[in-house]
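Presented below is the structure to which this report refers.
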There are 2 protein chains.
Amino acid sequence: MVVISLDTASGDAKMHDQVYDRLAEALIQGQIPPLKSVSLRSLAQGLGVSPMPVREAVRRLIAEKALELQPSNKRLRVPDLTEKRLTQLMTARQWVEPELAFLATARMTRDSIKRLRDDDAKLMTALSKGDVSGYMQANQDFHFSIYARADADLFYDMARTLWLQVGPFMRVVFGRMGTVHLPKDHHQEMIAAFERGDAEAIKASMAADIHEGMNLMLDAIKAQAQAEPTKRRKRG
Amino acid sequence: MVVISLDTASGDAKMHDQVYDRLAEALIQGQIPPLKSVSLRSLAQGLGVSPMPVREAVRRLIAEKALELQPSNKRLRVPDLTEKRLTQLMTARQWVEPELAFLATARMTRDSIKRLRDDDAKLMTALSKGDVSGYMQANQDFHFSIYARADADLFYDMARTLWLQVGPFMRVVFGRMGTVHLPKDHHQEMIAAFERGDAEAIKASMAADIHEGMNLMLDAIKAQAQAEPTKRRKRG
DNA sequence: GTTGCCGGAGTGTGATCACAAAAGCCTTCG
DNA sequence: CGAAGGCTTTTGTGATCACACTCCGGCAAC
């Protein structure tokens, strides 16, 4: 059972938006593993609301391909990642996110860069402690505090959608290999480039960062596909 | 009143999927103009269903930014296009769609190419008759019969989402300037390149095709923004 | 004639009920 | 002991109702 609490303090926001945010966050953080099946009613009960707002939130997530509804049977679950699909996600990420970083460069302030340093510090701390969740959270914060500066809503949402789809699997891969063997990221490079205002360098570093991270997952997918050609479905 | 009929023959598909398809098609074809406000109940009544499936379809369209829910007032409407937003849409289209065309090249069959010729013929016919709707339909068919061959679901859906957002405005711009002054497309170039199997040439032609088409709209937006800085909202 | 107000109509949202279909469990038979 | 079939539970879906809020109409006061 995946427990996801609802922020009871925010009264003006629509319930289905709150539900959506919670679920989206859980997915990006990989708190819901691939092939995990969920149900409207169980989620609703866990959140203390009626199934109605959950339906709308889930409908959005299905539209973003962060969840899927199996065609023949009617179960709702987190999609699995095929190699083909992951390749497309990698290609898309390697285009949008460097673009976002490029656009953000001119708009970075001293405070923004400081925040990046903080996020990276948290990331290193989590790494040294072997804290996968903390690592993923800090990594997400690092990337999206850059993207938020780009002032490009469309690209930002595209990046978010891509992370929604990659999240569950990223958690599995990273959790399996531990934080020790994670590839060196390019965050320090980016921070230095932001201070120089070198947009091209940032674009390149971001592309490299994503390329290496996603390649790791691609290798994991290939290995898994080879090891277990017809994997038995796990209990939901 | 926008009348959108529902296919009553397809019994096995979910109602909200049918509603979604109808609305999406209407939006891509520009049958619903920007800033046009719609309502769940009126749409439901027009489709002969309860508001329920419309809610779910609309929720998807909102997630894809093909519709928006105004924050202060709670009306549902087709979003307007700002210059900033259109620029992002152009950039995104110029990346995804050439990529899709590139991927499709190796998978094109003789029949696929024949279909492209047919679509282009319909397009020319519509152009000569000044039939804006026919033109947009044929243009959509031409592009998406290419994209469908790419076997890249993620990119395909991205392209579809982008068209959903551009559609309403494209119709306005094209309708305003008539079919006579539309820029020469690059369809013949693409067909020839497909026959040669020249993927790079196709990529370039597709990029040029989109670039010129979207530039037209960009000019229209700028002109409109200059002419009417604070346009009065039109009656819905 | 202009301005302010107020009431009805219409909006999206959430909850609840009904229903067909699939899932999962348990019994039962070989 | 293993597998197949039936039955209960659970699932997503659609319809309907209630509610708070917004918009738009006419009426009244100045």
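Keep in mind that this is a model prediction, so the values were computed, not measured. Throughout, protein chains are lettered first and strands after them, A, B, ... in sequence-line order, and every chain is numbered starting at 1.
Nearest nucleotide to the A:Leu69 side chain, out of D:dT16, D:dG12, C:dT13: D:dG12. The side chain of B:Leu76 sits closest to C:dG12 out of C:dG14, D:dT13, C:dG12. Considering only side-chain atoms of B:Leu40, the nucleotide from D:dT13, C:dG12, D:dT16 that sits closest is C:dG12. Each of D:dG14, C:dG14, C:dT11 was ranked by its minimum atom distance to the side chain of B:Arg75; first place goes to C:dT11. Side-chain atoms of B:Ser39 lie closest to C:dG12 of the nucleotides D:dG12, C:dG12, C:dT13. Looking at the side chain of B:Met52, the nearest of the listed nucleotides C:dG12, C:dA23, D:dT16 is D:dT16. Side-chain proximity of B:Arg59 to D:dG14, C:dG14, C:dT13: nearest is C:dT13.
When only modelled atom types and interatomic distance are considered, A:Arg59 and B:His16 share a side-chain donor-acceptor pair under 3.5 Å. Side-chain polar atoms of A:Arg171 and A:Ser133 form a donor-acceptor pair below 3.5 angstrom.
A salt bridge does not link A:Asp153 to A:Arg160: none of the charged nitrogens lies less than 4.0 Å from a carboxylate oxygen. Salt bridge annotation for B:Asp17-B:Arg60: present, with a cationic side-chain nitrogen under 4.0 angstrom from a carboxylate oxygen.
One can place CZ of B:Arg77 at 16 Å from C1' of C:dG12, the figure rounded to the nearest angstrom. What separates NZ of B:Lys14 from P of D:dT11 is a distance of 16 Å, to the nearest Å. As a whole-Å value, the separation of A:Ile62 CD1 from D:dG12 P is 9 Å. The separation between A:Glu56 atom CD and D:dG12 atom C1' is 15 Å, rounded to whole Å. With rounding to whole Å, B:Leu67 atom CG is found 15 Å from C:dT11 atom P. For the pair B:Gln45 CD and C:dG10 C1', the interatomic distance rounds to 12 Å; values are reported in whole Å. Between the CD atom of B:Gln70 and the P atom of C:dT13 there is a distance of 12 Å, rounded to whole Å.
For D:dG14, the base has a donor-acceptor partner in the side chain of A:Arg55 [N/O atoms by modelled type, under 3.5 angstrom]. Side-chain N/O atoms of B:Arg41 and base N/O atoms of C:dG12 include a donor-acceptor pair closer than 3.5 Å.
Ring-plane geometry between A:Trp163 and A:Phe144 is classed as perpendicular, the angle between the planes exceeding 60 degrees on a 0 to 90 degree scale with a lower cut at 30.
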